[in-house]
Structure formats: C-alpha cells, structure tokens
J.: 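Questions regarding the structure given below will be posed in turn.
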Amino acid sequence: MALTPRTRRRLVVGGVVASLAVLAVDTAAPSVTDPVRSAVARAVTPVQERLTLPADNEADRLRRQRDEARRALARRGDDEQLRRGLGDLLGSSAAADRRVVPARVVGFTPATAAGERQLVTIDAGSRDGIRAHQTVIATQGLVGRTVTVRPTSADVELVTSPGAVVGARVTRSRAIGSVAATPGPAVPARRPGEVTLTLVELGDVRTGDQVRTLGSVDDRPYVRDVVIGRVVGVDPDRGQLGRTARVEPAVDVGSLDVVGVVQPAPADGPRPAATGTGSS
C-alpha cells in the first residue's frame with residue numbers, strides 16, 4: 001500500500017527519535033544497548049526500506065527514461081541526416097537517370113605511405129548488387145571506384161588516392177585527357193587534396209573550367225559525365241607531352257557520408273534511381 005506524505009513524515013520522525021534514544025543510551029552504557037539496538041534495527045529497517053526503495057526505484061526508472069530519450073533523440077537526428085543525404089544524392093545530377101545503390105561511409109583508410117591506396121569503406125556489398133570496379137558518386141560528383149567487395153561492405157578507392165587515374169573531359173572546350181592523384185614528372189607540386197589534369201597534346205583548358213569523367217568501356221570502372229572537379233590553375237608549358245592543370249575535386253573526401261554505387265543500366269534503358277539504403 002502506498003504511503004501518504006503525512007505517514008512518511010511520521011515514520012521518519014519516529015525513526016530519528018528512536019535512533020537518538022539508542023545513541024544516548026549507547027554513549028552512557030554500551031553493553032546495555034545491545035538488545036535495544038537489535039530491537040530498533042528490526043523495527044526501523046522495514047520503515048527504511050519502505051522509504052528508500054521506492055525512491056531508488058523511481059530514480060532508476062527516471063534515469064532509464066532519460067537515457068532512452070537521449071538515444072531516441074540521437075537516432076532521430078541520425079535518421080533525419082540520412083534522409084536528407086539520401087534525398088540530396090538521388091536528386092543530384094550525378095545520379096540523374098542512373099540506378100544507384102545508396103550506402104553510408106563507415107570507415108576511412110588514409111594513404112600513409114607512397115603507393116598505398118586511400119580508401120573508404122561503405123556499408124553495402126555484394127548482397128546489394130555491388131561489384132568491383134563500379135563508379136561511386138556523392139551529391140557533388142565523383143568519389144571513386146569500388147575495389148574490394150564483401151557481402152555487406154565494400155572498399156572504395158578515392159579519386160585522390162595515389163595511383164588513381166580517371167579519363168576526363170573539359171566541359172567547355174571538350175578537350176580530353178586524364179586526371180591523376182599523383183602528378184607526373186616536371187609538374188609543379190600540388191596542394192593537399194588537389195589532383196592533376198593532363199590533356200591530350202595542348203588542349204584548351206582555363207582556370208574555372210569544369211572537368212567531368214570521360215567514361216569507360218561498359219561503364220566500368222567509371223561512367224561518363226560525372227563531375228570530377230574544377231580547374232584552379234593551369235601549369236606553364238615546360239615541355240610536357242600534354243598541358244597540365246590543377247584540379248580541385250568536387251567532393252570533399254574528408255566529410256563523406258551518403259554515397260551511391262552506380263549499377264549497370266538494364267537492357268531496356270535507364271530506370272529511376274534506387275530509393276533504399278545498403279545493408280548494414
């Protein structure tokens with residue numbers, strides 16, 4: 001039966017009075033108080049339990065509710081961020097008229113030594129239809145290509161990875177060439193994150209030009225017409241076989257979240273972009 005506030009106060013006062021009485025006697029004659037102490041303990045302990053246990057249980061319950069509310073709020077925030085990212089991706093020009101498998105970036109492996117790949121891991125794999133050497137895009141443009149695929153995850157080599165090379169076209173002049181993360185000989189040093197555009201012969205390129213993928217045979221590893229980046233500087237002619245320029249990638253690989261893996265177009269033509277997420 002629940003205790004009223006008035007009853008709880010009476011019990012507390014009674015317990016305090018009994019404790020003080022025992023304390024006074026105990027100070028004067030310790031041996032006399034043993035039976036009294038035991039009797040008071042038997043009387044007071046149930047009262048203490050009635051007074052403290054519900055409070056402790058209530059505190060525990062409130063703590064659990066608080067923690068669950070925090071977790072739910074975090075999930076709602078994360079779900080909302082995922083929905084926004086997915087909507088932006090599927091509504092972007094990079095995904096237009098393409099069938100993509102959306103996924104989230106769950107890991108990052110920087111290239112810490114020469115020759116190492118710069119990779120991200122995504123939470124979708126072969127069970128979602130992903131294969132090696134498929135184009136990976138974000139809302140802003142090209143991310144890279146899949147290189148290792150597992151049942152529920154895959155590794156993606158970034159366009160900024162040492163050794164990565166992508167066929168490219170300058171949108172304005174239609175000049176063709178390639179974009180590479182590692183500049184060739186006689187090419188000036190690049191800023192961190194920049195890649196190098198090398199044109200076939202002395203093609204026309206200017207600062208501010210947009211650079212897009214040229215495309216690969218059967219669209220693997222790269223589909224055509226995905227934004228790679230923007231030219232931020234043209235190198236002086238120093239006897240290279242083709243004109244070179246500095247390109248700033250369209251995608252900030254350091255803040256990737258929702259990406260899409262481009263799937264082969266069906267035999268009867270393009271389908272609308274996928275609307276689900278990859279496996280976790």
Side-chain angles (χ1 to χ4, degrees), residues 89 92-96 98 100 105 109-111 114-120 122 130-149 154-185 187 190-201 203-206 208-235 240-254 256 259-265:
L89 171 66
S92 68
S93 61
R98 293 190 171 106
V100 301
V105 172
T109 305
E116 288 187 353
R117 285 175 165 176
Q118 188 181 28
L119 306 172
V120 294
I122 59 175
I130 293 175
R131 302 291 180 265
H133 311 300
Q134 290 182 328
T135 307
V136 181
I137 59 173
T139 302
Q140 300 83 1
L142 183 67
V143 173
R145 65 187 181 109
T146 56
V147 289
T148 304
V149 179
D155 293 332
V156 178
E157 182 182 39
L158 301 175
V159 68
T160 54
S161 175
V165 179
V166 185
R169 185 187 294 276
V170 178
T171 303
R172 178 188 56 81
S173 66
R174 311 302 294 169
I176 63 173
S178 62
V179 166
T182 304
V187 174
R190 301 314 194 198
R191 295 172 183 168
E194 289 183 345
V195 293
T196 298
L197 169 67
T198 302
L199 297 180
V200 174
E201 299 181 346
D204 182 13
V205 61
R206 303 173 190 172
D209 280 345
Q210 188 182 72
V211 181
R212 291 176 172 262
T213 54
L214 182 63
S216 307
V217 177
D218 295 328
D219 288 337
R220 295 179 70 182
Y222 299 108
V223 298
R224 65 184 299 274
D225 208 30
V226 176
V227 176
I228 299 173
R230 180 177 62 89
V231 175
V232 293
V234 179
D235 298 321
Q240 300 99 317
L241 296 178
R243 178 163 292 168
T244 59
R246 295 165 30 229
V247 174
E248 181 181 72
V251 174
D252 178 6
V253 298
L256 285 171
V259 300
V261 183
V262 180
Q263 299 298 288

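The analysis underlying the following values was restricted to heavy atoms, covering all of them including side chains, and did not include hydrogens, waters or symmetry mates. By convention here, the first residue in the shown sequence is residue 1. The shown structure was predicted, so the numbers you read here are calculated from the model rather than taken from an experiment.
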J.: Specify the closest pair of heavy atoms between Val205 and Ala245, including all atoms of both residues, with the distance to one decimal.
T.: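 What the structure gives for the nearest pair is CG2-CB, 4.4 Å.
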J.: Side chains of Val234 and Arg243: does their closest heavy-atom pair fall under 4.5 Å?
T.: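 Val234 vs Arg243: side chains touch.
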J.: Is a side-chain donor or acceptor of Thr148 paired with a backbone partner of Asp155 at a separation under 3.5 angstrom?
T.: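 Pair absent, no side-chain N/O of Thr148 close to backbone of Asp155.
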J.: Just so I know, are the side chains of Val232 and Glu194 near enough to count as touching, which here means a heavy-atom distance under 4.5 Å?
T.: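 A side-chain contact exists here, since the closest heavy-atom pair is under 4.5 Å.
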J.: What I'd like to find out is whether the side chain of Arg212 reaches to under 4.5 Å of the side chain of Arg169, using heavy atoms alone.
T.: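 Of all side-chain heavy-atom pairs linking Arg169 with Arg212, none is under 4.5 Å.
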J.: Run Ile137 and Val259 through side chain to side chain contact (heavy atoms under 4.5 Å, CB included) and show every step you take.
T.: CA-CA 6 Å; Ile137 59 173; Val259 300; over 6 Å; no
J.: Show the numbers, then the answer: is there a side chain to side chain contact (heavy atoms under 4.5 Å, CB included) between Leu256 and Leu158?
T.: CA-CA 11 Å; Leu256 285 171; Leu158 301 175; 4.1 Å; yes
J.: What's the separation between atom CZ in Arg206 and atom OG in Ser173, rounded to the nearest 0.5 Å?
T.: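 If I round to the nearest 0.5 Å, the distance is 8.0 Å.
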J.: Without hydrogens or angle criteria, can the side chains of Thr160 and Gln118 be said to hold a donor-acceptor pair below 3.5 Å?
T.: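 Yes.
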J.: How about Leu199 and Val170: do any of their side-chain heavy atoms sit closer than 4.5 Å?
T.: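 In short, these two side chains touch, coming nearer than 4.5 Å.
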J.: Please check this pair: side chain of Thr213 against backbone of Asp225, looking for a donor-acceptor N/O pair closer than 3.5 Å.
T.: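 Side chain of Thr213 to backbone of Asp225: a pair is present.
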J.: A quick test of your reading: do over 12 heavy atoms of other residues, nucleotides or ligands sit less than 6.0 Å from CZ of Arg172?
T.: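 Correct, the count exceeds 12.
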J.: Between Asp204 and Arg174, does at least one N-O distance fall below 4.0 Å, as a salt bridge requires?
T.: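 No.
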J.: Check the side chains of Arg246 and Thr196 for a donor-acceptor pair under 3.5 angstrom, ignoring hydrogens and angles.
T.: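 Side-chain D/A pair, Thr196 to Arg246: absent.
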J.: Measuring only between side-chain heavy atoms, which start at C-beta, is Ile122 closer than 4.5 Å to Val261?
T.: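 Yes; the side chains approach each other to less than 4.5 Å.
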J.: Decide yes or no for Gln263 and Asp219: does some side-chain heavy atom of the first lie under 4.5 Å from some side-chain heavy atom of the second?
T.: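 Contact flag for Gln263/Asp219 side chains = no.
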J.: Considering non-hydrogen atoms only, spot the tightest contact between Arg98 and Ser93 and give its length.
T.: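 Looking at all heavy atoms of both residues, the closest pair is NH1-O, 4.2 Å.
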J.: Are the side chains of Val231 and Val211 in touch, meaning some heavy atoms are under 4.5 Å apart?
T.: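 Yes, their side chains come closer than 4.5 Å.
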J.: Apply side chain to side chain contact (heavy atoms under 4.5 Å, CB included) to Arg145 and Thr135, showing your working.
T.: CA-CA 5 Å; Arg145 65 187 181 109; Thr135 307; over 6 Å; no
J.: As a quick check of understanding, evaluate side chain to side chain contact (heavy atoms under 4.5 Å, CB included) for Val251 and Leu142, giving each step before the final call.
T.: CA-CA 7 Å; Val251 174; Leu142 183 67; 5.8 Å; no
J.: Minimum heavy-atom separation for Ala175 to Gly203, with atom names?
T.: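 Reported closest heavy-atom pair: CB-CA, 4.2 Å.
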J.: Is there a donor-acceptor pair closer than 3.5 Å between any side-chain N or O of Thr146 and the backbone N or O of Gln134?
T.: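 Yes, because the side chain of Thr146 sits within donor-acceptor range (under 3.5 Å) of the backbone of Gln134.
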J.: Just by distance, no angles: are the side chains of Arg220 and His133 close enough, under 3.5 Å, to form a donor-acceptor pair?
T.: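 No, because no side-chain N or O of Arg220 sits under 3.5 Å from a partner of the opposite role on His133.
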J.: Within the side chain of Thr171, is there an N or O that forms a donor-acceptor pair under 3.5 Å with the backbone of Gln210?
T.: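 Such a contact is found between Thr171 side chain and Gln210 backbone.
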J.: Nearest 0.5 Å, what's the CG-CG distance between Leu197 and Asp235?
T.: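 Going from CG on Leu197 over to CG on Asp235, the span is 9.5 Å.
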J.: Considering non-hydrogen atoms only, spot the tightest contact between Ala94 and Ala138 and give its length.
T.: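 It is CB-O, 3.7 Å.
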